[in-house]
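One structure is given below, encoded as C-alpha cells.
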Number of protein chains: 2
Amino acid sequence: MARVSKTKSADGLPEGGEEKGRSLAGTQTLVRGLEIIDAVSLRPLGLPELAESIGLTRSTAHRLAGTLVEHRYLNFVRGMGYSLGPRILELGYLTARQTSLPRVAREHLEQLAARTGDTVHLGVLEDGQALYLDKISGNRRVEISSRIGERQPLRSTGLGKALILDASEAQWREYYDLEARQGRGYDVDLQLWLRRMREYAKNGYAFDLEENEDRIRCVAAPVRDVSGRIVGAISVSSAAQYMDDMRMHGLTFEVRRASEAISSELGYNPGVDGAAAEGGKRRRTASTRD
Amino acid sequence: MARVSKTKSADGLPEGGEEKGRSLAGTQTLVRGLEIIDAVSLRPLGLPELAESIGLTRSTAHRLAGTLVEHRYLNFVRGMGYSLGPRILELGYLTARQTSLPRVAREHLEQLAARTGDTVHLGVLEDGQALYLDKISGNRRVEISSRIGERQPLRSTGLGKALILDASEAQWREYYDLEARQGRGYDVDLQLWLRRMREYAKNGYAFDLEENEDRIRCVAAPVRDVSGRIVGAISVSSAAQYMDDMRMHGLTFEVRRASEAISSELGYNPGVDGAAAEGGKRRRTASTRD
DNA sequence: CCCATAATCCCAAATCATGAGATAAACCCT
DNA sequence: AGGGTTTATCTCATGATTTGGGATTATGGG
C-alpha cells in the first residue's frame with residue numbers, strides 16, 4: 001500500500017486517459033529507467049537528487065540506475081554522481097549512421113506533395129551548390145524540369161537560400177559573389193538579395209520568385225539535425241499561375257511544418273541550442289555532408 | 001506458471017551466479033527494454049524477429065517496444081519494423097558534449113602513472129602538432145620537462161606518432177617532410193621512419209627512442225572515439241636508464257590497456273568498424289578536435 | 001575519532017508485468 | 001477482387017517481479 005502514494009501512473013482514477021497520462025500500461029519499470037536517463041541527461045546527478053527528481057525511493061532509483069550503469073548507459077563516479085555513459089554514445093553513432101536524410105524525409109515529402117499538389121524537392125549543400133537528392137512530382141499540368149542528382153545555384157533557388165539561411169552576412173556576400181563571378185545571369189542585385197535573405201532567415205523559410213527559372217516559384221525551408229545545423233532543405237515548386245503571393249505565404253506554414261517534422265526525426269530539438277551556441281559566426285563555407 | 005518457460009534469468013538454478021548471468025535483480029523489465037534497443041541497433045527489425053531474437057513473446061516485445069517508440073527511443077514504420085529513434089540521437093549528442101577527453105582520461109592517466117611510476121601524458125593532434133592536454137609526473141628522480149599546453153613535433157615523439165597511426169603512407173610522408181622543411185633536426189631518415197611507423201601501426205602503439213630529446217624514451221598508444229577515429233593519445237615517458245627495450249615492450253601492454261579503457265569510455269567499440277570502413281584512405285590532414 | 005551523508009543490501013507484501021490466445025489490420029499472391 | 005497468411009494490437013487472470021521501508025555499511029569532513 002505504501003507504493004500508491006508515489007506512483008504517478010495508474011493510481012486513482014481507473015478511467016481518465018486524457019492529456020498524455022498513462023503510456024502503454026505494463027512498463028512502469030522501463031519507463032522509470034528512461035526517466036532516469038532523461039534526468040541524468042540534463043546534468044549529472046547524485047543518487048539522492050536523482051531519486052528526488054523522479055519521485056522514487058532511494059532503493060528503487062539505486063537499483064534501476066545500477067542496472068543502467070551495468071549496461072553502460074550511465075557512468076557512475078563517486079562524489080560526482082551519474083552521467084550519461086558510453087553505450088549511449090555508441091547508440092547515437094549507430095543511429096546517425098542508419099538515419100539518412102533522404103530516407104527519413106521521404107514520407108514527409110510525399111505528404112507535402114499530396115497536400116499541396118505541387119512538386120516537392122529535397123536537397124543538400126554540396127560544393128557551394130544545391131544538390132537535389134529527391135523529388136516528388138505534383139499533379140499539375142506543368143511539370144517542373146529538375147532531376148535527382150542535379151545541381152542548382154544557391155542564390156537564385158528557394159532550396160539554395162534555405163540551405164544557407166544560417167550563414168553570416170559576410171558568407172552570404174561570398175556566395176552571391178561566387179556565383180556572380182561564375183557569370184550566371186541574375187536580375188536581383190546584391191543589396192535587395194541581402195535584404196530578402198535577412199527577412200527569410202528571420203522567418204525560417206525562403207522563396208524563389210521566378211529568379212532561377214521564368215514562371216517558376218517556390219517556397220523552401222531548412223532541415224536541421226541534432227546539432228542544430230542545417231543539413232538540408234525542402235521546397236515546394238510550381239508554375240507562377242498557381243503561386244500567387246497569398247498562396248506562397250500560406251505554403252510557408254505547410255513547408256515549415258514538414259521541414260520541422262523531418263528535423264525532429266533527425267534529433268533536432270528547438271529547445272536545446274546545439275551548435276549555435278558554440279560556433280555562431282565563423283564556420284560553414286562549403287559542404288555539409290561528409 | 002506460463003512465464004517460467006521463457007524467462008531466461010532466474011529460472012532453473014536458484015544459485016548459479018557465475019559468468020555475467022543475473023544482473024542486479026529486480027530489473028527484468030528494464031533489462032529487456034535495453035535488450036530490445038540492443039537488438040534494434042544491429043539492424044532494423046520487425047516485431048516477430050525482434051521477439052524471437054530476444055526470446056520474448058510477441059505480446060511482451062510489442063508492449064516494451066511500444067513504450068520505447070512512445071519515448072522516441074525507437075522509430076516504428078509499417079513494413080520496415082523498428083529502428084533507433086531520434087531520442088537516442090539527442091542523448092548521444094548530449095553525451096558527446098559532456099564527455100570531454102581530458103576529463104575521461106584523468107583517472108586512467110593517474111592509474112597508469114601509479115602503476116608505472118613514470119610520467120604520463122595526454123595529447124591531441126592540432127595544426128599538425130601534438131598538443132599536450134594533461135600530464136602526471138612520475139616519482140623518479142629525473143623529471144620530464146614538458147608542460148600542459150605545449151606543442152611537440154609529430155614525427156619524433158611517441159605521442160605524435162600515435163596520433164597519426166591511422167594515416168596513409170602518403171600522409172606519413174607529408175608529416176615527415178613538413179617537419180623536415182621546418183628545419184627541425186632529426187636523425188632518423190625517412191625510410192627507417194616509415195618502416196617503424198608501419199610496425200607501430202600494425203601493433204597499435206608507438207615508441208620514442210630518444211628521438212625527440214636525448215636520454216628520454218617513451219611508449220604511446222592512440223585513443224579513439226565512437227567513430228573509431230584517433231582523437232588523442234597517451235604516453236609513458238621516462239629517462240632511458242629506466243626504459244630498456246624489455247621494459248618498453250612490457251609497457252606497450254600497460255599503455256594500450258589504459259588507452260583502450262579511455263577509448264571505451266568515449267564509446268569506441270572495436271567490433272563495429274566505424275569510420276575505417278567508410279573513408280579508409282584519404283582524409284585526415286590536420287586538426288582532430290573542433 | 002566521531003558524526004553526517006551517501007551508497008548498498010534485505011525481505012515480506014502486493015503491484016505490476018507477463019504471455020496465451022483472441023481479434024483486427026495489412027499484405028500478397030493468384 | 002478474394003482468400004489465405006503474416007503481422008499488429010488488445011484483453012485478462014495469474015503470480016512472478018518489483019517495490020520501498022529501513023537496516024547496514026562505506027565515505028568524507030572537521
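Hydrogens, waters and symmetry mates are skipped; everything else that's a heavy atom, side chains included, is used. In what follows, chains carry the letters A, B, and so on, assigned in the order in which the sequence lines appear, proteins first and then strands, with residues in each chain numbered from 1.
- When distances run from any side-chain atom of B/T57 to the nucleotides C/dG19, D/dT19, D/dT7, the shortest one goes to C/dG19.
- Distance, A/I54 CD1 to D/dG20 P: 13 Å, rounded to whole Å.
- Atom CD of B/E49 and atom P of D/dT7 are 8 Å apart (whole Å).
- In this structure, A/T60 and B/G81 both approach DNA chain D, and ranking their closest nucleotides by distance from the 5' end singles out B/G81.
- Within the 3.5 Å criterion, the main-chain N or O of B/V223 finds no donor-acceptor partner in the side chain of B/S263.
- Following rounding to the nearest Å, A/I36 (CD1) and D/dT19 (P) show an atom-to-atom distance of 9 Å.
- Ring-plane geometry between B/Y82 and B/F76 is classed as tilted, the angle between the planes lying from 30 to 60 degrees on a 0 to 90 degree scale.
- The distance from atom CE of B/M80 to atom P of C/dA26 is 16 Å, rounded to the nearest whole Å.
- Contact check on B/R87 versus B/E90 returns a salt bridge, with a Lys/Arg side-chain nitrogen under 4.0 Å from an Asp/Glu carboxylate oxygen.
- Rounded to a whole Å, the CZ atom of A/R58 is 18 Å from the P atom of C/dC10.
- The side chain of A/T29 lies closest to D/dT19, out of D/dA8, C/dA7, D/dT19.
- A donor-acceptor contact under 3.5 Å links the side chain of B/S59 to the base of C/dA20.
- Separating the CD atom of B/E35 from the P atom of C/dT18 is a distance of 11 Å, rounded to the nearest angstrom.
- Between the side chain of B/R103 and the backbone N or O of B/Q98 there is at least one donor-acceptor pair closer than 3.5 Å.
- Between the A/R256 side chain and the A/Y205 main chain, no donor and acceptor come within less than 3.5 Å of each other.
- B/R63 has a side-chain polar atom (N or O) that falls below the 4.0 Å cut-off from OP1 or OP2 of C/dT18.
- Picking from D/dT9, D/dT18, C/dT8 the nucleotide with the shortest atom distance to the side chain of B/Q28 gives D/dT18.
- Between A/H62 and C/dT8 there is a side-chain N or O to OP1 or OP2 distance below 4.0 Å.
- Between A/R32 and D/dT19, a side-chain N or O to OP1/OP2 separation shorter than 4.0 Å is present.
- Listed candidates were D/dT27, D/dA8, D/dG20. Nearest to the side chain of A/R78 is D/dT27.
- Atom pair B/L47:CG and C/dC27:P shows a separation of 15 Å (rounding to whole Å applied).
- The separation between B/L64 atom CG and D/dA8 atom P is 15 Å, rounded to whole Å.
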